[in-house]
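To keep things clear, I will list the structure first and then write my remarks on it.
Not measured: the values here are computed from a predicted model.
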Amino acid sequence: MSRYRIDPLPPGADPALLRALEGIETATLGHVRLTGMVDRRISALDPGQRARAGVAVTLALPAMCSTLMHHAVSLLRPGDMLVVDRLGDDRFACLGGAVARAARLAGAAGVVIDGPVTDASEILAEGLPVWCRGVTSLTTRRLELGGTFNRPVACGGVPVLPGDLVLADASGVVVLPADEAADEAVAGAAREGRVARTMERLAAGERLGDITGVNARIAELSSSKDKLE
């Protein structure tokens with residue numbers, strides 16, 4: 001029996017949809033979604049990371065082994081977001097400078113790893129967007145222990161299917177089912193428009209509680225309480 005379970009790459013996403021998703025923030029989705037929000041401890045290696053969106057290409061790797069990682073980055077396409085399930089390991093880094101360069105040259109939108117990376121300065125110099133659980137000097141080896149590619153995985157407590165859409169920025173990572181992504185992009189853009197108008201009103205001197213209606217509501221509730229007493 002083969003140690004490896006390898007399925008075909010998922011269909012690519014419409015570039016216009018990816019651009020639309022990159023126009024909103026993960027926190028905008030965090031206001032309305034209860035699913036798909038990856039564990040906050042998987043964070044951007046670059047604190048100023050701008051939004052990137054891509055099609056989930058999934059990989060599951062045994063703790064000490066990076067054999068399948070080398071194969072996976074050799075198959076990445078422009079617009080792919082490699083999502084790596086480390087199967088519970090939080091010690092060994094499966095991505096460093098050379099793997100980051102290979103992924104960047106392939107045109108990957110980024111890499112999301114449920115574990116640490118190494119060679120942080122080299123990854124940042126490459127310009128490859130990476131989300132991970134920190135940095136370590138302990139690295140994987142090519143031990144041929146197996147793994148899966150383009151099969152269902154879990155990352156940061158979220159199930160990820162090949163072909164899902166992934167949006168990630170400095171605030172976190174969100175996984176969206178492919179059939180929900182377009183609607184979320186439209187709704188997210190509308191919500192960010194409302195936020196922009198709120199920011200303008202704040203700059204003009206209005207109080208946040210007046211804009212949101214909270215001040216009036218608290219006054220109403222306080223008045224009702226006084227009447228009951």
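Under the 4.5 Å side-chain contact rule for hydrophobic residues, Met81 and Val174 do not share a cluster. By the criterion of side-chain heavy atoms lying less than 4.5 angstrom apart, applied directly or through intervening Ile, Leu, Val, Met, Phe, Trp or Tyr residues, Val173 is not grouped with Leu17; the two fall into different hydrophobic clusters. The same ILVMFWY cluster, assembled from side-chain heavy atoms under 4.5 Å apart, contains both Leu61 and Leu9. Both Val153 and Trp131 are members of a single hydrophobic cluster when ILVMFWY side chains are connected at heavy-atom separations under 4.5 Å. No chain of hydrophobic side-chain contacts below 4.5 Å, direct or via other Ile, Leu, Val, Met, Phe, Trp or Tyr residues, connects Val112 to Leu165.
Thr140 places a side-chain N or O within donor-acceptor distance of the main-chain N or O of Ala93, the cut-off being under 3.5 Å. With hydrogens and angles disregarded, a donor-acceptor distance shorter than 3.5 Å links the side chain of Asp119 to the backbone of Gly97. Distance alone, capped at 3.5 Å, is enough to place a donor-acceptor pair between the Ser222 side chain and the Ile218 backbone. One N or O on the side chain of Asp85 and one on the backbone of Leu87 form a donor-acceptor pair closer than 3.5 Å. Without hydrogens or angle criteria, Thr136 side chain to Phe92 main chain gives no donor-acceptor distance under 3.5 Å. With Thr58 contributing its side chain and Arg151 its backbone, the two residues share a donor-acceptor pair below 3.5 Å. Under a 3.5 Å cut-off, the side chain of Arg104 and the backbone N or O of Glu126 do form a donor-acceptor pair.
Leu18 approaches Ala13 most closely through the heavy-atom pair CD2-CB, 3.9 Å. Scanning both residues, Arg52 and Pro129, for their nearest heavy atoms gives NH1-CG, 3.5 Å. Gly147 approaches Pro62 most closely through the heavy-atom pair CA-CD, 4.2 Å. For the pair Leu68 and Ala60, the tightest heavy-atom approach, listed with the atom from each and the gap, is CD2-O, 4.4 Å. Between Met69 and Leu82, the shortest heavy-atom distance links the atoms SD-CD2, 3.8 Å. Taking both residues in full, the closest heavy atoms of Val160 and Ala56 are given as CG1-CB, 3.8 Å, listed atom of the first, atom of the second, then distance.
We find that Arg133 and Asp39 are joined by a salt bridge, their nearest charged nitrogen and carboxylate oxygen being less than 4.0 Å apart. Salt bridge annotation for Arg86-Asp114: absent, with no cationic side-chain nitrogen under 4.0 angstrom from a carboxylate oxygen. No salt bridge links Glu22 with Arg19; every basic N to acidic carboxylate O contact stays at or beyond 4.0 Å.
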Before giving the answer on side-chain contact (heavy atoms from CB on, under 4.5 Å), spell out for Tyr4 and Thr67 the whole-Å C-alpha distance, their side-chain angles and the decisive distance to 0.1 Å.
CA-CA 10 Å; Tyr4 301 101; Thr67 303; 3.5 Å; yes
Criterion side-chain contact (heavy atoms from CB on, under 4.5 Å) on Leu202 and Leu208, from CA distance to verdict:
CA-CA 7 Å; Leu202 287 169; Leu208 182 61; 4.0 Å; yes
Test Leu29 against Leu167 for side-chain contact (heavy atoms from CB on, under 4.5 Å), laying out the working first.
CA-CA 10 Å; Leu29 297 178; Leu167 175 65; 3.8 Å; yes
Carefully, step by step, assess Leu45 and Val135 under the rule side-chain contact (heavy atoms from CB on, under 4.5 Å).
CA-CA 9 Å; Leu45 191 61; Val135 181; 4.0 Å; yes
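Between atom CD of residue Glu144 and atom OG of residue Ser66 there is a gap of 10.5 Å, rounded to the nearest 0.5 Å. The distance from the OG1 atom of Thr26 to the CG atom of Leu21 is 11.5 Å, given to the nearest 0.5 Å. Here Arg91 contributes atom CZ and Leu138 contributes atom CG; the two are 5.5 Å apart, rounded to the nearest 0.5 Å. Expressed to the nearest 0.5 Å, how far CD of Glu206 lies from OG1 of Thr212 amounts to 11.0 Å. To the nearest 0.5 Å, atom CD of residue Glu122 and atom CG of residue Leu124 are 10.5 Å apart. Of the inter-residue distances, the one linking Cys94 atom SG with Asp89 atom CG reads 9.0 Å to the nearest 0.5 angstrom.
Under the side-chain hydrogen bond (donor to acceptor under 3.5 Å, both in side chains) rule, Thr28 has a single partner from Arg191, Arg33, Glu192, which is Glu192.
At most 12 heavy atoms of other shown residues, nucleotides or ligands fall within 6.0 angstrom of atom CZ in Arg207.
By the 4.5 Å heavy-atom criterion applied to side chains, Asp210 and Arg201 are not counted as neighbours. Between Val84 and Cys155, every side-chain heavy-atom pair lies at or beyond the 4.5 Å cut-off. You'll find the side chain of Arg141 stays beyond 4.5 Å of the side chain of Cys65, heavy atoms only. Pro10 is listed as a side-chain neighbour of Asn150, based on a closest heavy-atom distance under 4.5 Å. In this structure, Val99 and His70 have side chains that are in contact, with non-hydrogen atoms separated by less than 4.5 Å. Side-chain contact between Asp7 and Pro162: absent, with no pair of heavy atoms (C-beta onward) separated by less than 4.5 Å.
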